[in-house]
Amino acid sequence: MKDLKVTDSGDIDFLVDDLSVVSDEADLRQSILMILSTRLGEFFLDDQLGLNWDNLFGKNYNPEYLETDISDALVEQESRIRQVVSIEFETNERLLNIRIKMIGENAEEMIEEVSLNAE
């Protein structure tokens, strides 16, 4: 699978006269980041894309509920992920680091790390 490459700030990555693309593992990493960093219903072209943020930030932060929300979002929205095995959280001021262990479509084990900023 190929997709347009997105920069760390969420913009489309341009080469001098062309668009950059990502594929395979880089595409999956980018897809996971997009799902987790987009509030469910926020993207007007696909209101089923994203993560329910009710348990993510603020007073309602609940790691157990958030773990379920992340697992459901990834398995339901990314066909290359069969199962989420474990999720670990680490907070650093207003940054939430998430380490996700998953089983991919070819039964391979994958580990991805994503950081979400609460600001």
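We number each residue from 1, following the sequence as shown. Just so it is clear, the values below take in all heavy atoms, side chains as well, and ignore hydrogens, waters and symmetry mates.
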Decide if atom CD of E42 counts as having more than 12 heavy atoms of other residues, nucleotides or ligands within a radius under 6.0 Å. yes

Would you name the heavy atoms of L51 and A73 that are closest together and state the gap between them? CD1-CB, 4.1 Å

More than 12 non-hydrogen atoms from neighbouring residues, nucleotides or ligands closer than 6.0 Å to OH on Y65, yes or no? no

Identify the heavy atoms of L36 and L116 that sit nearest to each other, and give their distance. O-CD1, 3.8 Å

From E64 CD over to I87 CD1, what is the distance, rounded to the nearest 0.5 angstrom? 12.0 Å

E112 and I32: which non-hydrogen atoms are nearest, and at how many Å? CG-CD1, 3.8 Å

Separation between CZ (R39) and CG (N52), nearest 0.5 Å, reads 8.5 Å

If I take atom CG from residue L95 and atom CD from residue E90, how far apart are they, to the nearest 0.5 angstrom? 9.0 Å

Can you measure from CZ (R80) to CD (E105) and round to the nearest 0.5 angstrom? 7.0 Å

Closest approach of S71 and V84, non-hydrogen atoms and distance? OG-CB, 3.5 Å

CZ (F89) and CG (L56) are apart, to the nearest 0.5 Å, by 8.5 Å

CD/E108: more than 12 non-hydrogen atoms of other groups inside 6.0 Å: yes

Nearest heavy-atom approach of S31 to E78 is OG-OE1, 2.5 Å

Test side chain to side chain contact (heavy atoms under 4.5 Å, CB included), reference I100, set I81, I111, V85, I70, output is I70

Count I, L, V, M, F, W, Y as connected when their side-chain heavy atoms are under 4.5 Å apart, and connections chain through other members. Are I98 and I35 then in the same cluster? yes

Do L40 and W53 share a hydrophobic cluster (ILVMFWY, side-chain heavy atoms under 4.5 Å, transitive)? no

Distance in Å, E67 CD paired with N55 CG, rounded so as to fall on 0.5 Å steps: 12.0 Å

Between L28 and M110, which heavy-atom pair has the shortest distance, and what is it? CD2-SD, 3.4 Å

Is any side-chain heavy atom of L49 less than 4.5 Å from a side-chain heavy atom of Q77? yes

